[in-house]
J.: 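Quick one: the structure is below, questions incoming.
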Amino acid sequence: MTRLAGLSAAERGRALLDLVRTRVSTLLGYDAPSQLDPQRAFEDLGFDSVAAVELRQALTAATGTQLPATLVFDYATPTALAEHLHTRLFPDSDDTATPILAEVDRFEELIGALGIEEIRSSRITSRLQTLLDTLTTLQSGETGVAAVRDTLDEASADDVLAFIDQELGLA
């Protein structure tokens with residue numbers, strides 16, 4: 001667990017999901033943890049009460065935390081169980097308290113799996129830039145017309161044309 005403490009919340013989440021998937025795949029006889037769909041319910045994976053007890057014991061030993069006997073039934077998928085473990089092991093973590101950060105982490109994983117052509121053709125970059133600009137504006141406290149006016153006042157002709165190209169998907 002000390003190894004997890006030095007990781008970011010996203011890295012801890014991935015490590016805990018890997019731990020759960022590894023233990024489940026071992027119990028169910030999978031060749032590799034990657035064969036296990038982390039969104040699939042334990043019941044659908046073939047878990048019975050004996051497997052549930054064995055998983056709880058394995059996770060208790062791995063985490064050093066006493067876990068309830070109903071663990072597999074309370075957290076029905078490997079993903080839900082890993083999230084519960086994260087919350088239980090790191091209750092003071094600010095990152096786990098914000099669901100939006102979990103979504104950003106998930107989005108980051110999805111983007112990492114894309115090829116360069118998919119990224120270019122999907123306008124992801126321009127949409128993310130627009131989102132970042134919106135967040136920057138909100139964070140600075142400027143809103144609405146005043147923020148747009150200030151941005152336009154500071155923009156060069158090239159900036160305005162680049163913005164138009166970006167919004168029309170030409171960039």
Side-chain angles (χ1 to χ4, degrees), residues 1-140:
M1 291 292 77
T2 55
R3 180 181 73 85
L4 290 177
L7 301 175
S8 71
E11 293 167 329
R12 284 191 306 255
R14 284 189 288 274
L16 287 167
L17 182 57
D18 289 344
L19 170 69
V20 171
R21 287 175 77 186
T22 299
R23 296 301 193 266
V24 170
S25 66
T26 300
L27 282 170
L28 297 179
Y30 283 81
D31 291 331
S34 61
Q35 294 177 322
L36 182 79
D37 178 359
Q39 297 297 327
R40 196 164 171 209
F42 288 116
E43 184 178 3
D44 294 340
L45 292 169
F47 257 71
D48 58 15
S49 57
V50 173
V53 170
E54 289 177 4
L55 179 61
R56 179 183 61 92
Q57 289 172 337
L59 293 175
T60 295
T63 63
T65 301
Q66 191 61 33
L67 300 168
T70 59
L71 189 68
V72 168
F73 306 105
D74 294 340
Y75 306 96
T77 66
T79 299
L81 179 52
E83 289 170 357
H84 168 71
L85 290 173
H86 191 268
T87 301
R88 185 147 182 181
L89 296 170
F90 302 97
D92 296 330
S93 173
D94 291 337
D95 294 327
T96 60
T98 309
I100 192 78
L101 293 178
E103 291 300 316
V104 170
D105 291 339
R106 194 170 70 85
F107 178 73
E108 184 178 10
E109 287 181 35
L110 290 171
I111 291 295
L114 293 177
I116 191 71
E117 287 305 315
E118 288 176 291
I119 292 171
R120 286 182 182 148
S121 67
S122 65
R123 293 188 46 203
I124 292 172
T125 304
S126 63
R127 291 189 63 198
L128 285 173
Q129 186 60 51
T130 302
L131 179 60
L132 180 61
D133 291 345
T134 301
L135 289 171
T136 302
T137 300
L138 290 173
Q139 189 175 16
S140 70

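Heavy atoms only: backbone and side chains are in, while hydrogens, waters and symmetry mates are out.
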J.: Tell me, do Asp37 and Asp44 make a side-chain contact under 4.5 Å, heavy atoms counted?
T.: no

J.: Side chains of His86 and Arg14: closer than 4.5 Å at any heavy-atom pair?
T.: no

J.: Does anything in residues 23-46 form a ring pair (Phe, Tyr, Trp, His ring centres under 6.0 Å)? List the pairs, not counting sequence neighbours.
T.: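 Found Phe42-Phe47.
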
J.: Does Leu89 form a side chain to side chain contact (heavy atoms under 4.5 Å, CB included) with Thr65? I'd like the steps, not just the answer.
T.: CA-CA 8 Å; Leu89 296 170; Thr65 301; 3.1 Å; yes

J.: Hey, what do you get for CD1 (Ile116) to CD (Glu118), rounding to the nearest 0.5 Å?
T.: 10.0 Å

J.: Does the side chain of Thr63 come within less than 4.5 Å of Arg88's, by heavy atoms?
T.: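 Not touching, per the 4.5 Å side-chain cut-off.
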
J.: Side chains of Leu55 and Leu71, heavy atoms from C-beta outward: is any pair under 4.5 Å?
T.: no

J.: State the CG-OG1 distance between Leu17 and Thr77, to the nearest 0.5 angstrom.
T.: 9.0 Å

J.: Which heavy atom of Leu85 sits nearest a heavy atom of Leu16, and at what distance?
T.: C-CD1, 4.1 Å

J.: For Arg21 and Pro33, which heavy atoms make the closest approach, and how far apart are they?
T.: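 So the minimum-distance heavy-atom pair works out to NH2-O, 3.1 Å.
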
J.: Could I get the full list of side chain to side chain contact (heavy atoms under 4.5 Å, CB included) partners for Glu83, not counting sequence neighbours?
T.: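 Counting only residues at least two positions away or on another chain, Glu83 forms a side chain to side chain contact (heavy atoms under 4.5 Å, CB included) with Thr79.
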
J.: Roughly how far, to the nearest 0.5 Å, is the CG atom of Leu128 from the CG atom of Asp133?
T.: 11.0 Å

J.: If you compare all heavy atoms of Pro78 against all heavy atoms of Pro38, which two are closest, and at what distance to 0.1 Å?
T.: CD-O, 3.3 Å

J.: Please step through side chain to side chain contact (heavy atoms under 4.5 Å, CB included) for the pair Gln66 and Arg56, ending with a clear verdict.
T.: CA-CA 9 Å; Gln66 191 61 33; Arg56 179 183 61 92; 3.5 Å; yes

J.: Kindly indicate whether the side chain of Val24, heavy atoms from C-beta on, has any atom under 4.5 Å from the side chain of Leu81.
T.: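 Counting from C-beta outward, Val24 and Leu81 never come under 4.5 Å.
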
J.: Output the distance between atom CG (Leu27) and atom CG (Asp48), rounded to the nearest 0.5 Å.
T.: 10.0 Å

J.: Does CD in Glu43 sit with more than 12 non-hydrogen atoms of other residues, nucleotides or ligands closer than 6.0 Å?
T.: no

J.: Looking at side-chain heavy atoms only, is the closest gap between Ser25 and Gln35 below 4.5 Å?
T.: no

